[in-house]
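The shown structure was predicted, so the numbers you read here are calculated from the model rather than taken from an experiment. Here is how names work: the chains are called A, B, and so on, in the same order as the sequence lines, proteins then strands, and each is numbered from 1.
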Amino acid sequence: MIYIHATGIHNTIPTSGQPDLRAELKAMGADNRRSDHFMRLAVIGAHKAADGHELPAETAVYMTSGQGNTAVFNRICSALRIEKNLPKPVDFINLLSNSTGFYIASHLGLAGRNIFLTHHHFPVQMTLLTAQNDITQGLQQTILAGGVDEWQTRPQLARKLMGIEETTVLGEGSNWLLLSPERENALAVLEVEKRCINEEELTLRLRAESKHHDITIAFAPKITKSQAARFMNQYPSFKRHNYEAACAYYETLAFYALNSFIAAHKKGRLLHIDCGTNGYMLMTVEIIP
Amino acid sequence: MTIGSADESLKRRLKEMIIRECEKDNFAPAEVPDDVVLFSDECALGLDSLDALQIAVALQNQFSVRIPDSKSFRRHVTTINALADFIQPE
């Protein structure tokens, strides 16, 4: 169990290409030079979570992404394979494992642990689980944890790779949480389940949750509409967090689901349900009134 | 036919390339002097070693000029005039 002290939400549904974020970033006092869209997106979201908080220099940055910095990856591949030219050195450097984390740390003046986690099915849950483990074991005192996904410049190919319907609208987002073991001044409590559960265990869990008051459920996009409807019918006292209404698809949407719930509620408990090939993964957020 | 440092069009293209590749968008080509050493305190662009790498790759991609090492870079990429003479020698 860890505490959420701040949220940072940057969530957009681009209509014609990746939006230009340079003016917004400049207004935050960040240097645009040598950064690309993915990095700008990351810095803006992290900045919003950190804004108004005096972060200790040793604050860690734990970041994830479903697709990563694909625009620059495409540009490098295009330079090498199609144009038969050398890629730009800055593009190459920006693709190195954790360059984006460096930009965030540099902008916020942080020198703590800085990691970029990836996971095929549960990028958000695995990032928050790592943060939860490190905080509960006393390895970290403050963690800025976030998920970043940029609008895909080749949407049809991206939909195919992500295994989503051809009509799914793609969005982009950079959503961050400021986490610590301290309850004082916290907005909410976060708990990430440590393992996947099967349908039977999920039913038991939902039954147990139904004993609480003021339960809201958020379904990840991988939960089908019929599955979601079935769960909601079984437990009519549950409310549904319709975060999907304000966003389009990207792979780290779970961060947005949690953040938007915290931003919109003064009390209550959110149960976020996601699924992968090994079963369901749950996260709960309980607002501290 | 004017070539090298006498070719104003070439020098303008070089300046535009440097500004673009080094993301020095707050500079206009006219603000980059022809005869000031680019990688020096006298040059307002404030370029660094990563900019040198960007310029070297851009020269290869856009002008088919290969600069194999840092020694060669330091010899040829001094001022705009020198760079233009290197690209289009007499």
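- Inter-residue side-chain proximity for Ile93(A) and Leu50(B) is flagged as met; some heavy-atom pair is nearer than 4.5 Å.
- A 6.0 Å sphere centred on CZ of Phe63(B) holds more than 12 heavy atoms belonging to other residues, nucleotides or ligands.
- The neighbour count for Asp20(A) CG, taken as heavy atoms of other residues, nucleotides or ligands under 6.0 Å away, is above 12.
- Remark: Phe73(B) CZ is packed, more than 12 non-hydrogen atoms of other residues, nucleotides or ligands lying under 6.0 Å away.
- Within 6.0 Å of CD on Glu83(A) lie more than 12 heavy atoms contributed by other residues, nucleotides or ligands.
- A distance-only check finds a donor-acceptor pair linking the side chain of Gln54(B) to the backbone of Val90(A) [under 3.5 Å].
- Using modelled atom types, no side-chain atom of Arg34(A) and backbone atom of Glu23(B) make a donor-acceptor pair closer than 3.5 Å.
- The environment of CZ in Arg22(A) is sparse: at most 12 heavy-atom neighbours from other residues, nucleotides or ligands sit within 6.0 Å.
- Atom CD of Glu165(A) has 12 or fewer heavy atoms from other residues, nucleotides or ligands within 6.0 Å.
- Contacts with chain B (heavy atom to heavy atom, under 4.5 Å) involve no residue of residues 139-156 of chain A.
- Heavy atoms of other residues, nucleotides or ligands lying less than 6.0 angstrom from CZ of Phe116(A) number more than 12.
- Residue Asp51(B) touches chain A through both its backbone and its side chain, counting heavy-atom pairs closer than 4.5 Å.
- The side-chain heavy atoms of Lys88(A) and Leu53(B), taken from C-beta on, include no pair separated by under 4.5 Å.
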